[in-house]
Chemist: 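The structure that follows is given in the form of structure tokens.
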Amino acid sequence: MLFRTIKHQPQGIEGLMATFLSSWQGTSSYFWIALLVLMVLNWTLESWKWRTLLEHIEPISIAQAFKSVLTGLALGMLLPSGTGDVAGRIIDLKKKTEGIGAGIVSGIIQTIVTLSFGYVGLVFIVQKFCLNNTLESYLVFGMPTLGLVASILFWYSKKLKLIQHKRIQQVLTAIFSLSKKQWVRLFAIGMIRHLVFILQFALLFNWAGVKLPLVDTLAVINSVFLAKTIIPALNFVSDLGVRELSAIYFMRHYAVDVNQVITATFSLWLLNIGIPVLIGSIWILFTRKNAH
């Protein structure tokens, strides 16, 4: 679908490549250094979150957490719907069952943060452009109800003893054994990480030539992250297409060049996913080589 969208643009693939190359050429090295620093900060925060989740299960160092997170990201390339991410994170843990629960909690926290910011951005777009009977308007009215139902099921699942299986109880240990202080810390980390995402995306939009008022830029960025969260992706490659198409969809209300939008979103994927996956893959190969 993304390829078809690009192909139907006036200049097609050639126009996209020209925009991409012209944006990359002549850019200050300090700009890319800043983005790389933000990338490292992004995954360091995620590693800190992962380490915090394992404090009461199987304590690890921040270096081990960083390696586990990038290993999970690399395995996510092969396995669908986040299973590779969790598998990679727990590969070196002794308590793997509890580790699965920690991986689920990590994803849930970031999802809640993303949906919360995304909802605000979506409300802004719906109100500004008076969108009625559209997908955006349905999401604005439907998301609070779904969030309320999910919250009720979450907080009362243990009390109602809906799940009694021993293995599942072990998985839920990572959820119900967290203190209020840990929950606050985890959500704080998740929010800071999301702000790093926003800053990266905003810088890349401006770099690629997508010029919008600040509030509109923030609304679009958070709406794109919202769409990326709720639309299932088989792996990190299909996730790439989701981000681009979502950005094009929300940018349709503004007079912007689609090629510039794709250039910014692809560059974000390259920095936040492509490079870390490469590093994680090298770690996996190095670990397997030493094991043999």
Side-chain angles (χ1 to χ4, degrees), residues 1-3 5-6 13 16-25 27-47 50 65-89 91 106-107 110 114 193-194 196-210 221 224-225 227-229 231-248 258-288:
M1 187 178 293
L2 178 61
F3 178 79
T5 301
I6 297 170
I13 300 294
L16 174 61
M17 290 302 298
T19 301
F20 186 80
L21 292 174
S22 64
S23 296
W24 277 73
Q25 290 173 353
T27 303
S28 170
S29 58
Y30 293 110
F31 177 78
W32 296 117
I33 291 172
L35 286 175
L36 287 173
V37 169
L38 289 173
M39 178 199 74
V40 173
L41 176 60
N42 168 26
W43 291 110
T44 300
L45 287 167
E46 180 60 26
S47 302
W50 178 238
F66 196 84
K67 178 182 176 183
S68 297
V69 166
L70 292 194
T71 300
L73 190 65
L75 284 182
M77 175 180 63
L78 304 174
L79 301 176
S81 303
T83 54
D85 180 60
V86 176
R89 292 188 182 205
I91 197 169
S106 180
Q110 207 62 48
T114 304
R193 186 172 179 234
H194 187 77
V196 172
F197 281 135
I198 292 173
L199 179 57
Q200 287 176 309
F201 215 162
L203 288 172
L204 285 169
F205 266 148
N206 185 70
W207 161 77
V210 180
I221 288 172
V224 170
F225 285 137
K228 191 180 77 66
T229 299
I231 298 174
L234 295 178
N235 50 48
F236 86 102
V237 176
S238 53
D239 169 76
L240 171 64
V242 170
R243 185 183 286 103
E244 273 65 38
L245 288 172
S246 300
I248 292 170
V258 169
N259 289 334
Q260 292 176 339
V261 174
I262 296 175
T263 296
T265 51
F266 176 73
S267 298
L268 181 69
W269 174 89
L270 192 63
L271 285 163
N272 273 349
I273 305 296
I275 294 175
V277 162
L278 179 61
I279 296 171
S281 300
I282 292 172
W283 261 334
I284 292 173
L285 293 173
F286 182 75
T287 302
R288 289 188 62 185

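As a basis for the values below, the full set of heavy atoms in this structure was taken, side chains included, without hydrogen atoms, waters or symmetry mates.
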Chemist: With rounding to the nearest 0.5 angstrom, report the CD1 to CG distance, Ile91 to Leu75.
Modeler: 6.0 Å
Chemist: Ala65 and Ser47: which non-hydrogen atoms are nearest, and at how many Å?
Modeler: CB-O, 3.4 Å
Chemist: Look at the aromatic rings of Phe225 and His194 and report parallel, tilted or perpendicular, splitting at 30° and 60°.
Modeler: perpendicular
Chemist: Could you report the tightest heavy-atom contact between Ile262 and Thr265, atom names first, then the distance?
Modeler: O-OG1, 3.0 Å
Chemist: Say you draw a straight line from CD of Gln260 to CG of Asn206; how long is it, rounded to the nearest 0.5 Å?
Modeler: 10.5 Å
Chemist: At their closest point, which heavy atom of Thr71 faces which heavy atom of Gly88, and how far apart are they?
Modeler: CG2-O, 3.8 Å
Chemist: Check whether any side-chain heavy atom of Phe197 sits under 4.5 Å from a side-chain heavy atom of Leu268, and report yes or no.
Modeler: no
Chemist: Can you tell me if Ser106 and Glu46 form a side-chain donor-acceptor pair at under 3.5 Å?
Modeler: yes
Chemist: List, one per line, each side-chain donor-acceptor pair under 3.5 Å for residues 270-280, sequence neighbours excluded.
Modeler:
{"unit_1": "Asn272", "atom_1": "OD1", "unit_2": "Gln200", "atom_2": "NE2", "d": "3.0"}
{"unit_1": "Asn272", "atom_1": "ND2", "unit_2": "Gln200", "atom_2": "OE1", "d": "2.8"}

Chemist: For the atom pair CG (Leu73) and CG (Asp85), what is the distance rounded to the nearest 0.5 Å?
Modeler: 7.0 Å
Chemist: Looking only at non-hydrogen atoms, find the nearest pair between Ser246 and Ala227 and report the distance.
Modeler: OG-CB, 3.3 Å
Chemist: Report yes if some heavy atom in the side chain of Val69 is under 4.5 Å from a heavy atom in the side chain of Arg89; otherwise report no.
Modeler: yes
Chemist: If you look only at distance, which donor and acceptor atoms sit under 3.5 Å apart when one is on a side chain in residues 29-42 and the other is two or more places apart or in another chain?
Modeler:
{"unit_1": "Asn42", "atom_1": "OD1", "unit_2": "Arg193", "atom_2": "NE", "d": "2.5"}
{"unit_1": "Asn42", "atom_1": "OD1", "unit_2": "Arg193", "atom_2": "NH2", "d": "3.4"}

